[in-house]
Amino acid sequence: MQMALNTGYVARPCKGETLCGDAGSVWHLPTRRVLALADGLGHGPQAHQAAMMAMACLAENLHLDCAGMFAACNEKLRNTRGAVLAVGVIDLSNKLLTLASIGNIRCKLLTRTRESRLGTGRGIVGAGFKWSPPDQVQLTEGDTLVMFSDGVAEDVCVRACHVSATLTPQQLAQAVLSQWGRTDDDASVLVYRHE
Ligand SMILES: [Mn+2]
């Protein structure tokens, strides 16, 4: 994937697999940025198929709000294994981040003073979920959103990693994966830094 300077993405398949069941994307639209990370259930080709289908479905529905995007993906993934999915939409006119997540993709927003978790909806995209309103946060310059699949340890010290050096988003994604990624599941990290 071609990444802009303020974004970073790394993914690696579970040990023994060649296809990764996690998939991430960033879309640069004139008025918004859209970031998404999906983890197809389990691993291997069928997990890969579900995650890729979620990205393809989002690509066709980038004009929708988060609720619309998740509804479209839920429909599209009905005949797949299903996936967990997180989507962040940044409105460039008002610098508002809207983040929705179904299942265990973790999303952490690092600001100068704190780290907060965003998007904690439950369910499986493709098999149904209970929708609740997405989180909304006003971004300021330098704020960093880190999204990662459960192939990365949940207690990841992203913040320590982030402040320890002036890492680029791509370097931060790589550092998180290499330090806290597990080899017994697909693992992926998507980073966005607001500029
Ligand atoms: Mn996983």
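Quick caveat, the model's predicted, so the values are computed rather than measured. Whatever order the structure lists them in is the order used to number ligands and atoms, beginning at 1.
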Fill in the blank from the handout: Separation between CG (L99) and OG1 (T120), nearest 0.5 Å, reads 10.0 Å
Problem - Geometric class of the F129/F70 ring pair [parallel <30°, tilted 30-60°, perpendicular >60°] - result: perpendicular
Practice task
Kindly confirm whether the Mn ion (ligand 1) is within less than 2.8 Å of some N/O/S atom in D186?
Solution key: no
Fill in the blank from the handout: Between the CG atom in D91 and the CG atom in L29, the distance rounded to the nearest 0.5 Å is 11.0 Å
Exercise for the section: For residues L85 and I102, determine if any side-chain heavy atom of one lies less than 4.5 Å from a side-chain heavy atom of the other. Expected result: no
Practice task
State whether D150 contributes an N/O/S atom found under 2.8 Å from the Mn ion (ligand 1).
Solution key: yes
Practice task
Please note down the angle at the Mn ion (ligand 1) between OD2 of D39 and OD2 of D185, to the nearest 10°.
Solution key: 160°
